[in-house]
Colleague: 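My structure is below; once you've seen it, I'll send some questions.
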Amino acid sequence: MPAFHDRNDQAYCEDLALSTIAKDVGTPCYVYSKSSILDQCRSILAAFSTYPTLPCYAVKANSNLSILKEIFKTGFGADIVSQGEMERALRAGVDPKKIVYSGVGKRADEIASALRTGILAFNVESSAELETIASLAAERGLVAPVSLRVNPNIDARTNPKITTGLFSTKFGLVETEARALAEKVRQLPSLRLVGVGCHIGSQIVDVAPLTEAAVRMSQFAAGLRELGHQLDFIDLGGGVGIRYQAEVPPTMESYANAILGAVKSTGLKLLIEPGRVVVGNAGVLVCSVVLTKRTPEKNFLIVDGAMNDLVRPTMYDSYHEIKAAKTTHGPLQTYDVVGPICETGDYFGKDRELPACAPGDLIYLQSSGAYGSAMASNYNSRPRAPEVLVDGSNYRVIRRRETLQDLWELEL
Ligand code: LLP
């Protein structure tokens with residue numbers, strides 16, 4: 001049975017009714033299924049079991065400590081983009097030797113702390129960054145492991161805001177530049193070249209660009225080896241999409257098949273950085289109806305969650321399925337489901353059919369496990385919502401609701 005399902009006319013997460021959780025912790029709240037997260041981790045590990053592969057979970061997708069702990073227990077490493085993410089991952093028990101550090105703008109203090117930690121690799125995206133890492137490592141008498149992140153100029157065929165493998169974006173190095181930097185690494189005793197990689201985008205449902213990237217990176221790695229460079233791994237980034245509406249994302253097996261062929265020819269270890277696919281469909285955002293409101297053009301369902309809790313609909317025009325937590329079939333109504341924030345962009349879904357709702361009724365937004373709580377803010381001075389992890393018929397609050405006091409605590 002899927003983690004989120006209907007039972008006795010009610011929406012359940014595993015063996016708990018969403019209404020039970022909402023009654024206990026209030027709304028809005030994020031509810032995650034532990035078994036769903038673990039199933040995703042295991043299916044990734046199984047799909048790549050035929051080849052030496054280290055999946056490094058992209059912490060940015062959902063960085064709650066309890067969720068990180070569950071993921072790292074399965075053997076995953078971490079893909080991080082800030083010192084904050086590194087400290088979270090370490091607290092959650094990740095092996096430092098399984099951390100890769102991505103990002104175009106790593107600060108010197110962040111690099112220094114990752115050097116102290118002894119991570120697996122810095123994914124380097126510019127020559128300026130390479131120089132900073134080299135001098136910080138030299139000052140400390142260390143040798144920094146670096147992997148060159150290439151921008152292969154491949155269109156991932158996804159939302160432009162999360163497309164990262166084109167020359168029009170800030171990411172990665174052009175191949176010729178990366179080749180020159182590999183040469184530079186060879187001359188600098190404080191650096192060691194350990195890998196090459198790329199990350200072409202997110203919510204990718206068509207495997208063709210992923211295959212193309214795998215082929216290009218494998219050829220690039222082979223070219224470097226011909227020049228006498230030694231490498232440990234190829235990192236193909238994250239990006240595998242999930243089903244929000246009608247997308248047909250690849251299964252983990254078809255994803256593995258799509259990239260392993262090329263990588264196998266190099267014999268190099270493979271790193272992948274899945275984020276969304278691990279947690280996206282393992283979480284929902286539960287909200288209560290505040291009131292309904294009719295205008296000459298629209299029928300609004302105003303709920304207590306808002307764009308500060310889930311910004312994806314307004315930020316990426318993304319679709320999240322919205323359902324009533326009580327599944328008894330009454331007459332259907334068409335609603336624009338919106339939050340209370342003072343922006344027209346504060347919406348969760350437009351023209352959605354739902355059973356006619358009354359104040360206090362519960363609705364939930366599916367596929368909110370990735371880039372939901374992680375992108376939440378306090379906009380409109382709204383305390384951030386709690387997070388709950390369900391395990392069978394039990395649950396644990398893994399992040400408490402913020403209080404009003406929390407809102408101004410740092411300003412006193
Ligand atoms: N590796 C790197 C270097 C990345 O930049 C990202 C995501 C990932 C891995 C993980 O990608 P995933 O497997 O989750 O697709 N906020 C947006 C998504 C931004 C993704 C940023 N980078 C959204 O809500 O759709």
Side-chain angles (χ1 to χ4, degrees), residues 37 40-41 44 54-63 67 71 76-82 85-86 89 99-106 120-125 129 147-152 156-166 169-173 195-207 209-210 213 217 234-245 247 249-250 252 255 259 270-283 285 307 309-320 348 365-377:
I37 297 169
Q40 283 305 88
C41 291
I44 293 170
L54 175 65
C56 292
Y57 169 67
V59 172
K60 63 171 79 71
N62 186 318
S63 49
I67 287 179
I71 294 171
F76 272 49
D79 164 53
I80 58 151
V81 292
S82 69
E85 286 192 352
M86 184 178 76
I99 296 179
V100 288
Y101 192 166
S102 304
V104 288
K106 306 173 188 77
L120 175 60
F122 292 88
N123 286 342
V124 170
E125 304 208 26
E129 181 191 341
S147 173
L148 300 171
R149 174 167 167 182
V150 169
N151 181 327
R157 294 173 219 161
T158 180
N159 186 303
K161 286 190 185 155
I162 50 176
T163 292
T164 53
L166 291 175
T169 71
K170 65 185 172 183
F171 299 99
L173 301 153
V196 293
C198 70
H199 169 78
I200 61 170
S202 195
Q203 185 53 18
I204 303 170
V205 288
D206 176 0
V207 293
L210 293 168
M217 292 320 302
I234 291 187
D235 179 348
L236 290 179
V240 174
I242 62 168
R243 187 188 187 107
Y244 285 98
Q245 187 176 13
E247 305 92 331
M252 283 305 113
Y255 169 51
I259 63 174
L270 171 65
L271 264 60
I272 50 173
E273 302 169 355
R276 187 189 316 265
V277 75
V278 178
V279 288
N281 274 328
L285 175 65
M307 63 187 276
D309 303 302
L310 185 72
V311 76
R312 303 193 70 260
T314 192
M315 191 150 170
Y316 311 109
D317 292 322
S318 64
Y319 183 96
H320 286 256
F348 285 151
L365 280 87
Q366 290 187 327
S367 316
S368 303
Y371 307 109
S373 60
M375 296 179 79
S377 78

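Computed from a prediction, not measured in an experiment: that's the story for all the values here. Each ligand, and each atom within it, is numbered from 1 in the order the structure gives.
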Colleague: Would you check the N or O atoms of E273, main chain and side chain alike, for any that come under 3.5 Å of an N or O of ligand 1?
Modeller: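 So ligand 1 has an N or O lying under 3.5 Å from an N or O of E273.
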Colleague: Among all protein non-hydrogen atoms, which one is nearest to atom 15 (O) of ligand 1, and what is the separation to 0.1 Å?
Modeller: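 In this structure, atom 15 (O) of ligand 1 has S202 OG, 2.4 Å as its nearest protein heavy atom.
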Colleague: Does K161 come within less than 4.0 Å of ligand 1, judged by its heavy atoms?
Modeller: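 False for this residue.
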Colleague: With a distance cut-off below 6.0 Å to the six-membered ring centre and an angular limit of 45° from the axis, does K106 pair with F122 as a cation-pi contact?
Modeller: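 So K106 doesn't make the cation-pi contact.
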Colleague: Does D79 come within less than 4.0 Å of ligand 1, judged by its heavy atoms?
Modeller: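 Contact present.
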Colleague: Quick one: CD on E273 to NZ on K60, what's the gap to the nearest 0.5 Å?
Modeller: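 Taking CD in E273 and NZ in K60, the distance rounds to 7.0 Å.
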Colleague: What I'd like to find out is whether the side chain of R312 reaches to under 4.5 Å of the side chain of Y371, using heavy atoms alone.
Modeller: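 Yes, close enough: below the 4.5 Å cut-off.
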Colleague: Taking all non-hydrogen atoms of both residues into account, name the closest pair between E129 and G103 and its distance.
Modeller: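 Scanning both residues completely, I find the closest heavy atoms to be OE1-O, 3.8 Å.
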Colleague: Nearest non-hydrogen contact with atom 4 (C) of ligand 1 belongs to which option: R312, K60, M375?
Modeller: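 Nearest heavy atom to atom 4 (C) of ligand 1 lies in K60.
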Colleague: I want to check something: taking the side chain as every heavy atom from C-beta on, are L236 and C198 in contact at a cut-off of under 4.5 Å?
Modeller: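 Heavy-atom side-chain distance check passes, below 4.5 Å.
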Colleague: Any atoms of ligand 1 less than 4.0 Å from a non-hydrogen atom of R149? List them with their elements.
Modeller: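 Counting from 1, the qualifying ligand atoms are 3 (C).
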Colleague: Does an N or O anywhere in V277 fall below 3.5 Å from an N or O of ligand 1?
Modeller: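 No.
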Colleague: Should you measure from each heavy atom of G275, which atoms of ligand 1 turn up under 4.0 Å away?
Modeller: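 In order of number, 12 (P), 13 (O), 14 (O).
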Colleague: So if I count the atoms of ligand 1 from 1 in the order they appear, which ones are less than 4.0 Å from some heavy atom of A58?
Modeller: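 Those atoms are 8 (C), 9 (C), 10 (C).
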Colleague: How far is atom 20 (C) of ligand 1 from its nearest protein heavy atom, and which residue and atom is that?
Modeller: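 Its nearest protein heavy-atom neighbour is Y371 OH, 3.6 Å.
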Colleague: When you measure from the heavy atoms of P274 to every atom of ligand 1, does any distance fall below 4.0 Å?
Modeller: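 P274: in contact with ligand 1 (<4.0 Å).
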Colleague: Counting both backbone and side chain atoms, is some N or O of R276 under 3.5 Å from an N or O of ligand 1?
Modeller: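 Yes; at least one N/O pair falls below 3.5 Å.
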Colleague: When you measure from atom 17 (C) of ligand 1 to every protein heavy atom, which one gives the shortest distance, and what is it?
Modeller: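 For this ligand atom, the closest protein heavy atom is Y316 OH, 3.1 Å.
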Colleague: Among all the protein's non-hydrogen atoms, which is closest to atom 8 (C) of ligand 1, and how far away is it?
Modeller: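 The closest one turns out to be H199 CE1, 3.4 Å.
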Colleague: Taking all heavy atoms of K170 and all of V104, pick out the closest pair and write down the distance.
Modeller: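 Answer, listing the atom of K170 first, then V104: O-CG1, 3.4 Å.
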Colleague: Is the closest heavy atom of G239 to ligand 1 under 4.0 Å?
Modeller: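 G239: in contact with ligand 1 (<4.0 Å).
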Colleague: For ligand 1, which atoms have a heavy atom of I162 less than 4.0 angstrom away?
Modeller: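 Answer, ordered by atom number: 17 (C), 18 (C), 19 (C), 25 (O).
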Colleague: I need the contact type for M315 against ligand 1. Using non-hydrogen atoms and a strict under-4.0 Å cut-off, is it side chain, backbone, both or neither?
Modeller: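 Neither part.
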Colleague: Given that the side chain starts at C-beta and the backbone is N, CA, C, O, which of these parts of E125 lies under 4.0 Å from ligand 1, counting heavy atoms, or is it both or neither?
Modeller: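 Contact part for E125 vs ligand 1: neither.
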Colleague: Looking only at heavy atoms, which two atoms of R157 and D206 are closest? And how far apart?
Modeller: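 Scanning both residues, the minimum pair turns out to be NH1-OD2, 2.5 Å.
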Colleague: Can you name the nearest heavy-atom pair linking N62 to Y57, along with the distance?
Modeller: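 Distance-wise, the nearest heavy atoms are O-OH, 2.8 Å.
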Colleague: Write down the atom of G275, the atom of A58, and the distance for their closest heavy-atom approach.
Modeller: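 Closest approach of G275 to A58: CA-CB, 3.8 Å.
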Colleague: Does the distance from a Lys or Arg side-chain N to an Asp or Glu carboxylate O, for R149 and D235, drop under 4.0 Å?
Modeller: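 So R149 does not pair with D235 through a salt bridge.
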Colleague: Considering all heavy atoms of both residues, which atom of N151 and which atom of T164 are nearest to each other, and what is their separation?
Modeller: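 The answer is ND2-O, 4.1 Å.
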